[in-house]
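Read through the structure below, which is laid out as structure tokens, and then see the notes.
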Amino acid sequence: MSVLIKGGRVITAADDYVGDVYIEDETVSLIGESLDVEADKVIDASGKYVLPGCVDPHTHLDMPFGGTTTIDDVESGQTAAAFGGTTCHVDFIIQPQGSSFADAFDDWRSKANGKQVIDMGYHMAVTDLREGGSLEELASLPDQGITSYKLFMAYKGALMVDDETLFKTMEVAAETGALVMVHAENGDAIDVLVKKALAEGKTEPKYHALTRPPETEGEATNRAIQLARVAGCALYVVHVSCHEAVEPIALAREKGWNVFGETCTQYFFVDYTFLERPNFEGAKYVYTPPPRDKANQELLWAAVRNDVLSAISTDHCAFLWDGQKTLGKDDFSKIPNGGPGLENRLHMIHEFGVRDGRIGLNRMVELLATNPAKLFGLYPKKGTIAVGSDADVVVFDPTRKHTITAASQHSKTDYNLYEGTEVTGTPETVLLRGNVLVEGGELVAEPGIGQFVKRARFGEQLTAVEAAA
Ligand code: URP
Ligand code: ZN
Ligand code: ZN
């Protein structure tokens, strides 16, 4: 099957030109002006942007969490992703305490089997090095294409690890070339604050934020950076939400350390006041770290513009408001933590980042596709449009208006963080390895088309042979 995408404005992290993209056997085989080639399918992209498929480095599909399981499984979550122009993501395997990493990997692979709409890789969330996985087993994961280890420094009594586990994992990563990811919050201090709030009868959703002050994120971010420095590993701080966490990352990067940070779409748009919405509406915005004071929003835009933060993810971790978030009706600490977002990252960043003049188109591509692909060992197979790359392509209409609503989304959840937001610019046609996924507002491919991708180690490039091995 060959596809010719004709006359679009091709935008990568580095380039911006009008040209034709020719796809054969799932990869880009030719790029040029007015290519004289025959193709099985021709897509007229004049007046459209031709973007690399976006890569989301932080999602949670089919994950047991907070006394329930996320409402989006691999099929619904990846369908939402495809409609939003994301063609590859990296999800988290959560090691159940007492379980080996191999068992956890098998379990997550079997949950995805036959359901995949886009390509995916996995990070391994380490929860237990005493009874469950061993250091040797952890060290073997990069050979299987799992080249990042995630540690939760919060969620005491559930996923949180102590500094010993964090540091030992960092030492393994320094040996194996894996990237260490941290959810950076001081879980012990937060646990004290949560218990105190509940004892004082403070049960509403807003106390989720009031018991997780930004300093607890700043402290843990700095601790993780300093420990990574001692261990000698590369570090990626997930879902950075506030000034207190941006500052130590900026400092580390100024020193030239291998420290990276991401923020998520929601932190630019949802602030603390959303948690105060009446009638338990505030529970929709209970995710961690919590929505912060509005002053942090422009600060985060500056951080992504200036390369203090390297990527924008969604942290898609969707629950129903009616039926799952309500588990915490009388106790904010029982509201499952997480929010949806896989479908709207490109919409929102294009509208309020590019169209509002905060970042350029090249930087948008870098933040949503190229940098996540580079940091997580998917580049240059993913994250760019170049000869030899996977033909993961978004034909994006920058003039078409779209209103974001829960009623029209593809996630199974019953609300949208950006409900009613009107954007100008939306994906029109989405291709995965040259196969059309989305066209004319429909999903035209069958689940099962997506593949597991074995990722390269941090700083190494992924070749087609390695990815398929
Ligand atoms: O509230 C969130 N972010 N839920 C997902 C798990 C995590 O901490 O990333
Ligand atoms: Zn987290
Ligand atoms: Zn997360």
Side-chain angles (χ1 to χ4, degrees), residues 56-72 77 81 89-96 108 120-127 148-161 166 179-187 190-191 194 205 207-209 211-212 214 216-218 220-221 224 235-242 245 261-267 270 272 274-275 282-292 311-321 324-325 327-328 332-342 345 372 376 411 413 415 417:
D56 193 335
H58 184 163
T59 60
H60 304 274
L61 301 181
D62 214 342
M63 179 176 84
F65 191 49
T68 181
T69 299
T70 58
I71 191 70
D72 281 322
H89 70 126
V90 193
D91 207 76
F92 292 90
I93 298 171
I94 310 285
Q95 174 207 14
W108 288 71
M120 72 186 301
Y122 290 109
H123 314 287
M124 179 61 75
V126 178
T127 64
S148 38
Y149 308 142
K150 162 84 177 282
L151 298 118
F152 290 92
M153 299 168 76
Y155 302 131
K156 189 167 181 178
L159 304 177
M160 178 170 148
V161 296
L166 171 63
L179 180 61
V180 171
M181 308 168 77
V182 284
H183 169 134
E185 286 184 306
N186 186 315
I190 288 167
D191 192 54
V194 168
Y207 290 104
H208 174 67
T211 55
R212 309 182 95 91
T216 58
E217 188 181 336
T221 302
L235 181 73
Y236 180 91
V237 184
V238 301
H239 51 41
V240 171
S241 72
C242 58
E262 69 168 26
T263 189
C264 313
T265 323
Q266 54 272 26
Y267 294 110
V270 179
Y272 165 73
F274 285 54
L275 285 162
K284 294 177 178 174
Y285 310 97
V286 170
Y287 46 75
T288 306
R292 301 296 190 188
I312 303 172
S313 73
T314 63
D315 191 7
H316 182 95
C317 183
F319 297 102
L320 292 171
W321 177 68
Q324 290 188 296
K325 290 284 184 184
L327 289 169
F332 72 90
S333 73
K334 295 199 167 64
I335 300 170
N337 285 200
L342 250 170
R345 183 176 55 143
F376 291 100
S411 162
T413 192
Y415 72 100
L417 296 177

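Predicted model, so just to flag it, every value in this text is computed and none were measured. First listed ligand is number 1; within each ligand, the first listed atom is number 1.
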Taking only heavy atoms of His60, which atoms of ligand 1 are found under 4.0 Å from at least one of them?
5 (C), 6 (C), 7 (C), 9 (O)
Quick one: does Phe152 get an N or O within less than 3.5 Å of an N or O on ligand 1?
no
Ring of Phe92, cation from Lys150 - is the NZ or CZ under 6.0 Å from the centre and inside 45° of the axis?
yes
Between Phe152 and Tyr155, how do the two ring planes meet: parallel, tilted or perpendicular, split at 30° and 60°?
tilted
Quick test: of every protein heavy atom, which one is nearest to atom 1 (O) of ligand 1, and how far off is it to 0.1 Å?
Thr288 N, 2.8 Å
Under 4.5 Å between any side-chain heavy atoms of Thr413 and Trp321, yes or no?
no
Could you walk me through whether Thr216 and Glu185 satisfy the side chain to side chain donor-acceptor pair (under 3.5 Å) test, starting with their C-alpha distance in whole Å, then the side-chain angles of each, then the deciding distance to 0.1 Å, before giving a yes or no?
CA-CA 5 Å; Thr216 58; Glu185 286 184 306; 4.8 Å; no
Does one side chain, of Arg345 or Thr265, offer a donor that lies under 3.5 Å from an acceptor on the other?
no
What's the NE2-the Zn ion (ligand 3)-NE2 angle here (His58, His60), rounded to 10 degrees?
110°
Taking the six-membered ring for Trp, is the centroid-to-centroid distance between His239 and Tyr287 below 6.0 Å?
no
Atoms in ligand 1 with a heavy atom of Cys317 nearer than 4.0 Å:
4 (N), 5 (C)
Under 4.0 Å to a heavy atom of Tyr287 - the qualifying atoms of ligand 1, by number
1 (O)
Identity and distance of the protein heavy atom lying nearest atom 3 (N) of ligand 1:
Asp315 OD2, 2.7 Å
Considering only the protein, which heavy-atom contact is closest to atom 7 (C) of ligand 1, and what is its distance?
Tyr155 OH, 3.4 Å
Close side-chain approach of Ser411 to His316, heavy-atom, < 4.5 Å
yes
What residue and heavy atom of the protein are closest to atom 4 (N) of ligand 1, and at what distance?
Asn337 O, 3.0 Å
At a cut-off of 2.8 Å, protein N/O/S around the Zn ion (ligand 2) gives His183 ND1, His239 NE2
Mind running ring-ring contact (aromatic ring centres under 6.0 Å, His included) on Tyr236 and Phe376 for me, showing each step along the way?
CA-CA 10 Å; Tyr236 180 91; Phe376 291 100; 4.8 Å; yes
Hey, could you give me the CG/OH distance between Leu179 and Tyr149, rounded to the nearest 0.5 Å?
10.5 Å
Name the orientation class of the two ring planes belonging to Tyr285 and Phe274 (parallel below 30°, tilted from 30 to 60°, perpendicular beyond 60°).
perpendicular
